Amino acid sequence: MTKLEGPDPLGPLAAEVPDLAVAAIAETEAPDAPEPKVETLRDYLRVVYLRIRSGDTGVLPVVAGLLLISVLFQSLNANFLSAGNLVNLLIQGAVYMLLAMGEVFPLLLGEIDLSIGFVSGIGGIVTAELLKQSYGWPWWAAILAALIACAGIGLLQGTIITRLGLPSFVVTLAGLLGWQGVMLLMLGQGGTQPINDNVVNDLASGTLTPAASWIVMILIVAAAGARTWLAESRRRATGLVAPPASLTLLKIAAMGAAGVAFVLICNTDRGRLLPIKGVPWVVLIVLGVLAAWTFLLRRTKFGRYVYAIGGNAEAARRAGINLSRIRTLGFMLASFTAGIAGIIYASRLRSVSTALDGGTLVLYAVAAAVIGGTSLFGGRGKAMHAVLGGIVIAAIDNGMGLQGYSAAAKYVVTALVLLTAVTIDAVARRNATR
Amino acid sequence: MSTEVAPIEAEPRSSAEASGAATGEPLLRLRGLSKSFGAVHALVDINLDVPAGQVTALAGDNGAGKSVLIKCISGIHSPDSGEIQWEGKPVHIRSPREAAALGIETVHQDLALCDNLDIVQNMFLGRERVRHLTLAEEEMETAAGQTLSSLAVTTVRSVRQLVASLSGGQRQSVAIAKAVLWNSRLVIMDEPTAALGVAQTAMVLTLVRRLADRGLAVLLVSHNMNDVFEVADRVAVLRLGHLVAVERAADIDAQVVVDLMTTGTSTRATQPKPAEPRTADDQA
Ligand SMILES: Nc1ncnc2c1ncn2[C@@H]1O[C@H](COP(=O)(O)OP(=O)(O)O)[C@@H](O)[C@H]1O
Ligand SMILES: [Mg+2]
């Protein structure tokens, strides 16, 4: 979950890396070990450094940006970093984070999906419709049906894009218009579909009890810690470049500390009239999607092929990868994730209405993914970027809101942050392919 | 006028003698291979042997048909007529997959590497090893590292480095190592040193030599005479779709090959070439 990527301590190391030692070819008889057993912190950091230098800046810029924003807003308003506001900010940003996690798939493929804003609206409205008295579906069945509908929309759009060879920009632009029409049609005369189901309404606004919050946090940290420990000790055992055990333990300790800090913040009473405590459900949903998509992108063939296609589609084709299938699946996952976002959106408002602006939502989703570090040029990005970018957007919105700035000012600042992010991406790419 | 061996057929002298004391069948044998694109006769009646353990250079001017020839072998084009024999048996190679199944790997002129992936990910692309539905990263990293070090590609700092950060020569090395990883028997390379500097060319040529010394058959496309004479055991010269000569590298020199490439004959040759019967499509 947490990948330690230290930028600054590596500065001095840069000078020690020999530059282009190409001519040096040593005759060696095929040795058993591919690389010397390197377990020193130095070797590990060198590998991390090389990756960053080759354009894989990862989450460094956005984390730095987030720190900057926090310091800035906190100095303007002491309430910004208060427990209550931080949790609110996460809840406000959840829809952006989820939508952006969906958008990461098309972006990685070097494509774009403009439709997912209104597809999320379809997800919300299908849920709301099926929960109506007249249908009376149980909450889980309504959610399942909505998600399947959204995945189906993605499958349809992806199939059109890949089979007919049309640009994704145009096909999903048609989707943006078309699904908005379908949404308006489904909402009909009244223009609003309320949701009365408690479970669905609690998805966005409900919280775990403080005790349950602790238990869940401990379970998550234990699972993530065990995974990290097993993976890194396996690398050490096979003699591959790996962080030393002490660093692995440090990582796990950091995860634990972050978990404790997070639960302490969430368990602080943030209610105005009634006490509200505990980790919000929606945080767990975001974490769940983040874990699932991170696993899919990093640990499976599908994920590897998504990156390969975004990096060099011709190379992927020659490697025997079925481009159409991977691309279609990517659009399907984008719409499916949008469905989750739409249900959270509906849950927060306890209704779906014609006020849902899918156009703005999708543009914020693209912005969040890019601000988080996902490249618009394809092949670079992570689900984590979407979450961090979503937090940045929510923080700007929330922080400027606290200061009483107008919507106009918020848009301008978000635009500047987006431009900065794209510039960092472009510069990183240029340096990498020098 | 040195070694006189009776040419098989009236065509360019067979490579059987050039492959030295070859016992039995060469790994790959082309018999009367032809390929046309409409009115363009890209390949005309090609007879060529590619033996294991040797570097066979394929020289020829631009448009001579070098790329078309290797595409016929690697399954991208299907020849119009003629036969491809693999270990003495006729085969039909209909796709790169089928070529790979036989043990034929091609390093294309434009490198098929993904800049955004690291060396290990590139070497295993499309053929990842999987355990319990997840990628077996350690296993692949170990195998990739072993292949690279067995080829003495020691200049890359880490196999987890992104390909974007590699030099041209290092990329070419990765592309070649990728071909070796799959227990290939024949590695075809299209202009592997084009666009490389002196040191990097030397590095890649050393690697090419090493493949042949390991017992692989190597078919090296090049029009750089220095490269050809540095690594090749045998030189085949294509001109306007015709194979005009197949010689032992030791028997000829760069000037002869240049003559053959440009005119189809060489007066400087240690042995005179029989004048090729020119055909109608040979002008231009
Ligand atoms: N796909 C194709 N369609 C039509 N003509 C082709 C095709 N590929 C190659 N040719 C023609 O065949 C001839 C040989 O080309 P090629 O093998 O690429 O030359 P080179 O020896 O420079 O690699 C050229 O005249 C070229 O125009
Ligand atoms: Mg060519």
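Just so it is clear, the structure is predicted and the values come from calculations on it, not from any experiment. Here is the naming used below: chain letters follow the sequence lines, and residue numbers restart at 1 for every chain. Because only heavy atoms are used, hydrogens play no part in the values below, and waters and symmetry mates are left out as well, while side chains stay in.
With a 4.5 Å cut-off on non-hydrogen atoms, B:Glu139 does not touch chain A at all. At a 4.5 Å heavy-atom cutoff, the contact between B:Leu133 and chain A is made by backbone atoms alone. For A:Ala313, no part sits under 4.5 Å from any heavy atom of chain B, backbone or side chain. Neither the backbone nor the side chain of B:Asn122 comes within less than 4.5 Å of any heavy atom of chain A.
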Can B:Asn116 and A:Asn312 be said to form a side chain to side chain contact (heavy atoms under 4.5 Å, CB included), step by step? CA-CA 8 Å; B:Asn116 60 330; A:Asn312 185 346; 5.9 Å; no
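Considering all non-hydrogen atoms of both residues, B:Cys114 and A:Ala308 come closest at SG-O, 3.5 Å. Closest heavy-atom contact between B:Arg127 and A:Tyr305: N-OH, 4.4 Å.
Side-chain atoms of B:Val130 and A:Thr300, non-hydrogen and from C-beta on, never get closer than 4.5 Å to each other. Residues A:Thr238 and B:Glu137 form no side-chain contact, since every pair of their non-hydrogen atoms from C-beta on lies 4.5 Å or further apart.
Per-residue counts of heavy-atom pairs under 4.5 Å with chain A were compared for B:Asp118, B:Leu207, B:Val163, B:Thr134; the largest is that of B:Thr134.
A distance of 4.5 Å separates CD in B:Glu138 from CZ in A:Arg234, rounded to the nearest 0.5 Å. Distance check, rounded to the nearest 0.5 Å: CD1 of B:Ile76 to CZ of A:Arg318 gives 6.5 Å. Within the model, atoms CD of A:Glu314 and NE2 of B:His108 stand 8.5 Å from one another, a figure rounded to the nearest 0.5 Å.
Partner of B:Leu135 under the side-chain contact (heavy atoms from CB on, under 4.5 Å) criterion, chosen from A:Arg304, A:Arg299, A:Arg298: A:Arg304.
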